[in-house]
K.L.:
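What follows is a single structure, and I will ask about it in a moment.
The figures here come from the full heavy-atom set of this structure, side chains too, leaving out hydrogens, waters and symmetry mates. Labels below follow one simple rule: chain letters A, B, ... track the order of the sequence lines, proteins then strands, and each chain is numbered from 1.
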2 protein chains.
Amino acid sequence: MHAATLARPIEINSAPMVAPPGRGEEGHRPLTVYIAGNEIYGPGDEANGHYHIAFGAVRIYRLLADGRRQISAFHMAGESFGLEPGDRHQFFAEAVCATGLRKVRTLPALESMQGLLQLALEGMMRAQQHLLVVGRQNATERIGAFLLDMVERQGGLPQIELPMSRQDIGDYLGLTIETVSRTLSKLREKGVIKFHGLRSVEVCKPSLLEAICQ
Amino acid sequence: MHAATLARPIEINSAPMVAPPGRGEEGHRPLTVYIAGNEIYGPGDEANGHYHIAFGAVRIYRLLADGRRQISAFHMAGESFGLEPGDRHQFFAEAVCATGLRKVRTLPALESMQGLLQLALEGMMRAQQHLLVVGRQNATERIGAFLLDMVERQGGLPQIELPMSRQDIGDYLGLTIETVSRTLSKLREKGVIKFHGLRSVEVCKPSLLEAICQ
DNA sequence: CGACTCGTTGATGGTGGTCAAGTTTAGTGG
DNA sequence: CCACTAAACTTGACCACCATCAACGAGTCG
């Protein structure tokens, strides 16, 4: 269930050929393509830099001994992830869907340091914001906050494509898959959202969604 | 209830006189003393550095519109806090008990940058670890994880002094004050912990506590 | 000593978890 | 292109855990 690595990631050095439809900067670094479920790194793996997402999406998570999973973050195209203290990773990182990554090795220079600090602080901020959602909001509020976050991260357009499964959403929000499904159905019945496919959602009443999330 | 500032913090420039029983390094920076409930900063306040805790404890939190509070972190003597992205704070920081702080202004130098990065990454790590607790563990496991964390941060001794109230613990763990109280009572009845005062706890069976937390 | 805050304990109910079908979607091979 | 299969998702019934409401006890300060 928790996605064993199904196939090896493919490394592509001739970047221009396979450049994703996104921005073409940083094209000189090799692009590695992962398919859905591929592990990018796991606890204990050497950590010597971070990753930039050319396209696709990544989940960062931890497991409890009995298999309970908490996804602490999703990262989308254009974002960076993978910076951790120490020289060993403490989390799992997996491709949520077909994903292209460029690895960025850490340079001990001042200006790159400032960028890394910014990255780390934003990561801390996101985690602490998410803590408020998971710790103090009910199922409807959590789903609402999640949808609004996705809208914002996909450019503000009301139509969003969710790369992740209901299980992923549940493990991110601290809910079960059934509760995620039920809550989405309730929002659909109320006309707040509309489905154009299981993972294609249109937020019809964003103001109502914002009101739900307080 | 949520601690309005009761009195102004006291700034002391002649540090040696009031040096706390802790370590005496960094004694050249002015020490500011806050009493329990004092606000250190709030959302919108200018952020231009971080704080080092000489003695006492600090809570970092956010509020929802209806007053629900999520404490995202406690910081104890010897630790640092207050680093945030951008030039404005987005959280509240308050003294949990009588607390002495030294403000550290950010220098744009390489070596200080590396220290800040480490600080930010550890903060992110802590928040993400806490996310697992709040998102995926039940009340007993949360309390257990909290107690073990406090033991570790107070030097590993089984006897710990909790500077924070039950309400604080609840707002940190995403539980109500009643559930915190009941869970602690249950652990006491089972002989896992022992009280030497309302906020003085002895962990009699740390291994059992670890087992509870998985 | 009285008033206040903080903490504990009890009774009750609701939200969301669990278990158990169904249903839809996507993927595979004939 | 369609049948078959497996995975993903939905929906329902039931129940447990924790929140809520309420009362009471303990500690603290004036």
K.L.:
Could you check how far CD of Gln167(A) sits from P of dA7(D), rounded to whole Å?
P.N.:
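Those two atoms, CD and P, are 14 Å apart.
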K.L.:
Could you give the CD1-to-P distance, from Ile169(A) to dG16(C), as a whole number of Å?
P.N.:
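Distance check: Ile169(A) CD1 to dG16(C) P gives 16 Å.
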K.L.:
Quick check for you: among dC9(D), dC18(D), dC6(C), whose closest atom lies nearest to any side-chain atom of Asn138(B)?
P.N.:
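Selected nucleotide: dC18(D).
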K.L.:
Without decimals, in angstroms, what is the distance between Arg182(A) CZ and dC9(D) P?
P.N.:
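Distance, rounded to whole Å: 15 Å.
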K.L.:
Please give, in whole Å, the distance from dT20(D) C1' to Arg68(B) CZ?
P.N.:
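Distance, rounded to whole Å: 14 Å.
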K.L.:
Looking only at side-chain N and O atoms, does Ser181(B) come under 4.0 Å of OP1 or OP2 in dT9(C)?
P.N.:
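Result: no.
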K.L.:
Please name the residue in the list Val201(B), Asp168(B), Leu198(B) that meets the side chain to side chain contact (heavy atoms under 4.5 Å, CB included) test with Leu162(B).
P.N.:
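Only one of Val201(B), Asp168(B), Leu198(B) forms a side chain to side chain contact (heavy atoms under 4.5 Å, CB included) with Leu162(B), namely Val201(B).
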K.L.:
Closest-nucleotide mapping onto DNA chain C: is Ala139(A) or Ile177(B) further toward the 5' terminus? I mean the 5' end.
P.N.:
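Comparing both residues, the 5'-ward one is Ile177(B).
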K.L.:
Roughly how far, to the nearest 0.5 Å, is the CD atom of Glu161(A) from the CD atom of Gln154(A)?
P.N.:
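Going from CD on Gln154(A) over to CD on Glu161(A), the span is 7.0 Å.
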K.L.:
Indicate, with a heavy-atom threshold strictly under 4.0 Å, whether Gly170(A) touches base, sugar-phosphate, or nothing.
P.N.:
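Nothing: the residue Gly170(A), judged by heavy atoms under 4.0 Å, touches no strand.
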K.L.:
Please confirm whether the shortest side-chain N or O distance from Arg188(B) to OP1 or OP2 of dT9(C) is below 4.0 Å.
P.N.:
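For Arg188(B), the contact criterion (side-chain N or O under 4.0 Å from OP1 or OP2 of dT9(C)) is met.
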K.L.:
For dC21(D), does the base pair up with any side-chain atom of Glu178(B) as donor and acceptor (N or O, under 3.5 Å, distance only)?
P.N.:
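Yes, a donor-acceptor pair under 3.5 Å.
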K.L.:
Expressed in angstrom and rounded to an integer, what is the separation of Asp168(A) atom CG from dA7(D) atom C1'?
P.N.:
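So the two atoms are 14 Å apart, to the nearest Å.
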K.L.:
Whole Å only: how far is the CD atom of Glu141(B) from the P atom of dA16(D)?
P.N.:
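It works out to 18 Å between those atoms.
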K.L.:
So which atom in Arg29(B) and which in Val104(B) form the shortest heavy-atom distance, rounded to 0.1 Å?
P.N.:
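For Arg29(B) versus Val104(B), the nearest heavy atoms are NH1-CG2, 3.6 Å.
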K.L.:
The side chain of Thr176(B) is closest to which nucleotide in this list: dC9(D), dG17(C), dT20(D)?
P.N.:
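Nearest to the side chain of Thr176(B) among the choices is dT20(D).
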K.L.:
Would you mind classifying the nucleic acid contact of Gly197(B) as base, sugar-phosphate or nothing, using non-hydrogen atoms under 4.0 angstrom?
P.N.:
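If one applies the 4.0 Å heavy-atom cut-off, Gly197(B) turns out to touch nothing in the nucleic acid.
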K.L.:
Ignoring the backbone of Ser185(A), work out which of dT10(D), dA19(D), dG16(C) is nearest its side chain.
P.N.:
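For the Ser185(A) side chain, the nearest candidate turns out to be dT10(D).
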K.L.:
Could you check how far CD1 of Ile35(A) sits from C1' of dG27(C), rounded to whole Å?
P.N.:
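Taking atom C1' of dG27(C) as the reference, CD1 of Ile35(A) is at 13 Å.
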K.L.:
Ion pair present between Arg188(B) and Glu202(B), side-chain N to carboxylate O less than 4.0 angstrom?
P.N.:
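No salt bridge links Arg188(B) with Glu202(B).
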K.L.:
By nearest atom, which of the nucleotides dA19(D), dT8(C), dG17(C) is closest to the Arg166(B) side chain?
P.N.:
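Closest of the options to the side chain of Arg166(B): dT8(C).
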K.L.:
Would you kindly compare Arg199(A) and Arg142(B) by the position of their nearest DNA chain D nucleotide and give the one closer to the 5′ end?
P.N.:
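Checking each residue's closest nucleotide, the 5'-ward one belongs to Arg199(A).
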K.L.:
Check whether any side-chain heavy atom of Ser72(B) sits under 4.5 Å from a side-chain heavy atom of Leu132(A), and report yes or no.
P.N.:
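No, their side chains stay 4.5 Å or more apart.
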K.L.:
What class does the angle between the rings of Phe92(A) and Tyr61(A) fall in, given that below 30° is parallel, 30 to 60° is tilted and above 60° is perpendicular?
P.N.:
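Taking Tyr61(A) first and then Phe92(A), their aromatic rings lie parallel (interplane angle under 30°).
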K.L.:
Give Leu184(A) one of three labels, base, sugar-phosphate or nothing, depending on what nucleic acid heavy atoms sit under 4.0 Å from its own.
P.N.:
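If one applies the 4.0 Å heavy-atom cut-off, Leu184(A) turns out to touch nothing in the nucleic acid.
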K.L.:
Please work out if Ser165(A) contacts a base, only the sugar-phosphate, or nothing of the nucleic acid, heavy-atom cut-off 4.0 Å.
P.N.:
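Here Ser165(A) touches the backbone only, sparing every base.
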K.L.:
How many whole angstroms separate atom CG of Leu175(B) from atom C1' of dC18(D)?
P.N.:
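Atom-to-atom, Leu175(B) to dC18(D), this comes out as 8 Å.
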